[in-house]
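See structure below.
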Amino acid sequence: MGKVFFKKLIVAINGRESSICAAMYSIMMARTYNTELKFVYVVDTATIKYLSLNRFLVSSEAEDFSEKLKKDGEHYLNYVKMLAISKGIKAETEIRSGGVFTEVVKSADEFESDLIILGSENKDIYENAHCPVLVVKDKDIEAKFKIF
């Protein structure tokens, strides 16, 4: 039997269709290779802070916006977790706050991830990651996921 390269997968979720496709792909990988799986959503408080400092948002709007993003994150994480459960895969979820690429990389390091999976290119993540990064661009992933 060959060497197992991936034991722990982490997937950045942001609610875009591409991140949901990445989640589906990672669920299929986790089932095929019997790996641990974690989904992470980052409330981008770094951008919210920038918008506040430049007076695009007042502090009460920033707080409301941050809370809305957190609720959105919970919704998206629950959705991808249910997708994993539907395929018999147990997955962890985590909501973090801060700069997106920084927090995804930190979460991957803390989880001791062997692979970060993204739904679209995010140059900052793959340039700063301490493990390989897979960018999923499969347009037919939903159809494959249904029959998997």
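Heavy-atom basis, side chains included; hydrogens, waters and symmetry copies ignored. Keep in mind that what you see is a predicted model, and the values were worked out from it rather than measured.
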So which atom in Ala12 and which in Ser19 form the shortest heavy-atom distance, rounded to 0.1 Å? O-CB, 3.7 Å

Which distance, rounded to the nearest 0.5 Å, do you find between the CD1 of Ile116 and the CG of Leu9? 11.0 Å

For the student: nearest non-hydrogen atoms of Ala84 and Ala91, plus distance: CB-CB, 4.1 Å

If we only count heavy atoms from C-beta on, is the Ile10 to Leu115 side-chain gap below 4.5 Å? no

To the nearest 0.5 Å, what is the distance between CZ (Phe39) and NZ (Lys81)? 10.0 Å

When rounded to the nearest 0.5 angstrom, what is the spacing between CD1 in Ile27 and CD1 in Ile117? 10.0 Å

When you compare the side chain of Ser107 with that of Lys38, does any pair of heavy atoms fall below 4.5 Å? yes

Could you pull out the closest heavy-atom pair between Glu103 and Gly98, with the gap in Å? CG-CA, 3.9 Å

From Phe6 CZ over to Tyr33 OH, what is the distance, rounded to the nearest 0.5 angstrom? 8.5 Å

Within the structure provided, determine whether Val80 and Ile20 are in side-chain contact (heavy-atom separation under 4.5 Å). yes

Using only atom types and a distance under 3.5 Å, with no angle test, would you say the side chain of Ser66 pairs donor to acceptor with the backbone of Glu63? no

Working to the nearest 0.5 angstrom, can you tell me the gap between Lys137 NZ and Ser18 OG? 10.5 Å

Over all atoms of both residues, closest heavy-atom pair of Leu37 and Ser26: CD1-OG, 3.6 Å

Using a strict cut-off of less than 4.0 Å between a Lys/Arg side-chain nitrogen and an Asp/Glu carboxylate oxygen, indicate whether Lys106 and Glu94 qualify as a salt bridge. no

Evaluate whether atom CD of Glu110 has more than 12 neighbouring non-hydrogen atoms of other residues, nucleotides or ligands under 6.0 angstrom away. yes

Establish whether Phe101 and Val136 are linked, either directly or via other cluster members, by ILVMFWY side-chain heavy-atom contacts under 4.5 Å. no

Taking only Lys NZ, Arg NE, NH1 and NH2, and the carboxylate oxygens of Asp or Glu, determine whether Lys7 and Glu36 approach each other closer than 4.0 Å. no

Are Val11 and Met28 joined in one hydrophobic group, where the rule is that I, L, V, M, F, W and Y side chains link up if heavy atoms are under 4.5 Å apart? yes

Any donor-acceptor pair under 3.5 Å linking the side chain of Asp114 with the backbone of Lys8? yes

Which residues satisfy the side chain to side chain donor-acceptor pair (under 3.5 Å) test with Asp72, sequence neighbours excluded? Lys68

How long is the straight-line distance from CG of Leu118 back to CD1 of Ile13, given to the nearest 0.5 Å? 9.5 Å

More than 12 foreign heavy atoms under 6.0 Å from CD of Glu112: is that the case here? no

Tell me whether Val42 shares a hydrophobic cluster with Val133, the cluster being built from Ile, Leu, Val, Met, Phe, Trp, Tyr side chains joined at under 4.5 Å. yes

Within the structure provided, determine whether Val43 and Arg96 are in side-chain contact (heavy-atom separation under 4.5 Å). no

Do NZ/NE/NH1/NH2 and the carboxylate oxygens of Lys70 and Glu67 come within less than 4.0 Å? no

Tell me, yes or no, whether the heavy-atom count around Phe145 atom CZ, taken from other residues, nucleotides or ligands under 6.0 Å, exceeds 12. yes

Intermediate values then yes/no, side chain to side chain contact (heavy atoms under 4.5 Å, CB included), Leu134 and Met29: CA-CA 12 Å; Leu134 172 68; Met29 284 184 71; 3.9 Å; yes

In this structure, would Ile95 and Leu69 fall into the same cluster of hydrophobic residues linked by side-chain contacts under 4.5 Å? yes

Can you confirm whether more than 12 heavy atoms, excluding those of Phe148, are under 6.0 Å from its CZ atom? yes

Would you say Ile89 ends up clustered with Tyr41 if hydrophobic residues are merged whenever their side chains have heavy atoms under 4.5 Å apart, either directly or through other cluster members? yes

